[in-house]
Amino acid sequence: MMYNPQKIEQKWQKIWEKEKLVEAVDFSKKSKFYALVEFPYPSGEGLHVGHAFTFTLMDIFARKKRMEGKNVLYPMGWDAFGLPTENYALKTGIHPKVVTQESTDRFKEQMKRLAFDYNWNREVNTTDPNYYKWTQWIFEKLFKHGLAYKKEMDINWCPSCKIGLANEEVVDGRCERCGTKATKKKLSQWLLKITAYADRLADELDLVDFPESVIASQRSWIGRSEGIEISFPLSETERVIPVFTTRPDTLFGTSFFVLAPEHPQLKELIKPEHKKEVEKYIKEAKEKMELERIAETREKTGVFTGSYILNPLSGEKIPIFVADFVVMTYGTGAIMGVPGHDQRDWEFAKKHNLEIREVISGGNIKKEAYPGEGKLVNSGKYNGLFFQEAKEKIYEDLKEKGLARKRIEYSIRDWIFSRQHYWGEPIPMIFCQNCAQKGITFWDTEEGKNFKSLFKISEGLAGWFPVPENQLPVELPEVEKYEPTGTGKSPLAAIKDFVKTKCPFCGSEALRETDTMPNWAGSSWYFLRYCDPKNDHSLADYKKLQYWMPVDIYLGGAEHTTLHLLYSRFWHKFLNDIGVAPGKEPYLKRKTHGLVLGENGHKMSKSRGNVITPEDVKDLGMDALRIYLMFLGPYNGTFPWSTTGIKGVRRFLERFWGWALSQIERKNKESEKEIKILVNRLIKEVGEDIDNFKFNTAVAKLMKFLNEVKGKRISKNDLVNVLKVLAPFAPYITEELWEKLREEFSIHKQSWPEYDSELIKEEKIILIIQINGKVRDKIGVEAGISEKKAKETALSSLKIQKRIKGEKIKKIIFVPEKLINIVL
RNA sequence: GCCGCGGUGGCGGAACUGGUUUACGCACAGCACUCAAAAUGCUGUGGACGCAAGUCCAUGUGGGUUCAAAUCCCACCCGCGGCACCA
């Protein structure tokens, strides 16, 4: 009988649909396992083999866990808010809701064809009002707890998409999506105080099993830096200007002082004779900023203000400059210039002929700044101290004078949460002009007064009220035009019925917020919703969350290590703080998957025309596709697609099919011992490979096994075990052969076979005989051979005798079960 | 510049708790089947020299540790990813 994968696929897909295989059962006594793979954005083009790669990895892993008897939660859903859908709607006039429905239907059908065995009864969709009701609910909680605030600010703006961008969405100064150069625009934006969780987001990475690279990326994104704030007294007034430094030990090396062009105290320090020059510089710096001053040459420009500041310990008079290499967004917007021990300061000093003073010995400061360690010199009473010690001492002395305090700086910024688009969750807030004028905030209302906020409430929120919870969700209204207005307002602003509402506090006319949330919002908590996807009363039942959470293994893309992963950890920690989600961390273990490139080695994209979809290889069969994708290489690698490669896998399945059928016909009673050993080893090794995410070598072992047993007889029992081991990889062919064996439906409800550990013990080993570490002979010997016997065997080898003739044996090294090395 | 990961045949990759380098597959070559081709099967395939048995050399480069290094250490080169006037 010919192997006809398409026929088999159609047959079993129908049966699996009707007769459910395995469900995830809430509160089952079996031990739970939560296997999660990042849910996709259902693009109009459908699923390609890159998606298939990722999903197959987890599908095999989850199937194995089920076979091991675990109660596996293995869900799928749709991260469906987003620009492409909106853009498509813009072009065609079809409602994004309709487009999304079509796309998700298509994805789902493709996933079913690929035999991804998800718990479809737990499907979630971020664009479903019953889902985003809770996304909005979380936002309101963030607001009430002081973690959401509004701020007039310069935001990154994409002139092409006409949308505000988060810092994370600007890559090399360009819009992450369309590549247009980002500009700045002043808009009033909602921000989330992720900075309040910066320490925990960094520290609690110790609690989870994430790849080293992910931890490093997250820590560097958070960018914690511990230092002190030193106040420098101005020479002419009583006032001080603080700086942030991690190197107080270099204080005596300060030969200049720099303020950022935007520094609030700058104006009063400009002396009349420098006014023209300084104001010109500030103006230029501002313009430069708009043209991205980062990308420009890093020449250390700057001008003298005419004013001086005093070294807080030595009293030395220090000139104050303004320079744009100092930025207002980090530290205090002012620095102490220590050219001897900071490269940027060194360059600035060179350019402006300022003194470069050595205060830490060990480098050659004539050539370059020395940022390393050493003893203090030229530092008065601190001379001779090691820099670490000096840090402490100087800090103590400054603190005594009230001129220093410990300070931690982060490079992470608060999360800009407003988007000026239609296809996103409406931010559920109402602005009341009447209350705003009276300075009334949510926390002045009856509800607000009784509300215990976990964090300090930001100012400037007068007149802003969350939509009462019983009115959630704030549904997206129908609109005629999806175009962003380009004025900085979302298309929702044009819908009067939507915008006009009543103030929940005073009842007078009020306006709804018309911005929507970024597409990171819905994905920041979806893993919780899978645990209880249809709950109307809460985002998920706490008991169910306690049962299923945390996610045991989370597979996702490298592009999400600093954004999605950080945002969702932040939300989870917050939800834990307010008692609606258990556990400090949502994900126990994170794995980063690789990428399948087009056949030409470039990233698959419609515009490059190198996209391969499952449909393109349907003749070869989905089992072949699954196995081929696993066989490409390690799960985290990047590989070009190869059509000849997948044909090789198809040949393997073809041979397997033929071999298995002939075994079924023959009805062998017993396998030879040698075959039994091979089967038992296969069970062990493939099982371990799956556990270790080594799917490529698991496939290699299956292929090797077939090569070794081809043409040989195997008992039914052994064949059954081989099928079970192959089943997670190739669900269709194994189900079909299972049926031919007249076994009870379905192979996918079976448990993972056990192996006989006695049987697979090696009886014979190949003893490697080396001379001076080079392999000179290999002899088959019994396992567990003694050192004495091994030596005898080695020395009796003719090849060895020839080589050691006339030489003196210095020593012989024996490694049990492995080798013997004769040193001459 | 800093942080993380990597560099093994013509290609994707195995082997990394130090102990047979190149598993498995692709590609290629020869043979069989065929009028022929495709498909399939069998055999071969790291490099150099050799008719051969065989010998020597090979895991980015250069050193080191060790009886023994793809694996550990040092320096350097290259590639990928992240961060970056961060004070």
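The model shown is predicted, which means the values in this text are computed figures rather than measured ones. Reminder, nothing fancy here: chain letters follow the sequence lines and each chain counts from 1.
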**OP:** Evaluate the criterion salt bridge (Lys or Arg N to Asp or Glu O under 4.0 Å) for residue pair Arg219(A) and Asp206(A); output intermediate values, then yes/no.
**Re:** CA-CA 11 Å; Arg219(A) 289 226 161 100; Asp206(A) 290 339; 3.2 Å; yes

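The number of heavy atoms from other shown groups lying within 6.0 Å of CD (Glu782(A)) does not exceed 12.
Arg590(A) has no carboxylate O lying under 4.0 Å from a charged side-chain N of Asp209(A), or vice versa, which leaves the two without a salt bridge. Ion pairing of Lys710(A) with Glu708(A) is absent here, as no side-chain N (NZ or NE/NH1/NH2) approaches a carboxylate O to less than 4.0 Å. Ion pair Glu654(A)/Arg650(A) flagged as a salt bridge, since at least one NZ, NE, NH1 or NH2 atom sits closer than 4.0 Å to an Asp/Glu carboxylate oxygen.
Within the 4.0 Å cut-off from OP1 or OP2 of G41(B), at least one side-chain nitrogen or oxygen of Arg655(A) is found.
Side chains of Asn311(A) and Thr254(A): no donor on one and acceptor on the other come within 3.5 Å. Counting only N and O atoms by type, the side chains of Tyr587(A) and Ser568(A) include a donor and acceptor under 3.5 Å apart.
Residues from residues 814-824 of chain A that place a heavy atom under 4.0 Å from any atom of RNA chain B, listed by number: Val815(A), Lys818(A), Leu819(A), Asn821(A), Val823(A). Of the residues in residues 781-794 of chain A, none has a non-hydrogen atom less than 4.0 angstrom from any atom of RNA chain B.
The distance between atom CD of Glu409(A) and atom P of A87(B), rounded to the nearest whole Å, is 9 Å. As rounded to whole Å, 16 Å separates atom P of A87(B) from atom NE2 of His341(A).
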Original post:
What pattern of brackets, bars and dots sums up RNA chain B from 5' to 3', given Watson-Crick or G-U wobble pairs under 3.5 Å, [ ] for crossing pairs and | for another strand?
Top reply: (((((((..(((......[....))).(((((.......))))).((((....))))..(((((..]....))))))))))))....

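Side-chain proximity of Arg344(A) to the nucleotides C24(B), C83(B), A87(B) is greatest for A87(B). Distance from the side chain of Asn696(A) is smallest for G13(B) among the nucleotides A15(B), C67(B), G13(B). Nearest nucleotide to the Val775(A) side chain, out of U20(B), G4(B), C86(B): U20(B).
At a threshold of 4.0 angstrom between heavy atoms, the contacts of Ser217(A) are confined to the sugar-phosphate backbone, with no base atom among them.
In the interface, the side chain of Gln770(A) is paired with the base of G19(B) through a donor and an acceptor atom under 3.5 Å apart. In the interface, the side chain of Lys701(A) is not paired with the base of C24(B) through any donor and acceptor atom under 3.5 Å apart.
In this structure, Ser786(A) contributes its side chain and Lys789(A) its backbone to a donor-acceptor pair below 3.5 Å.
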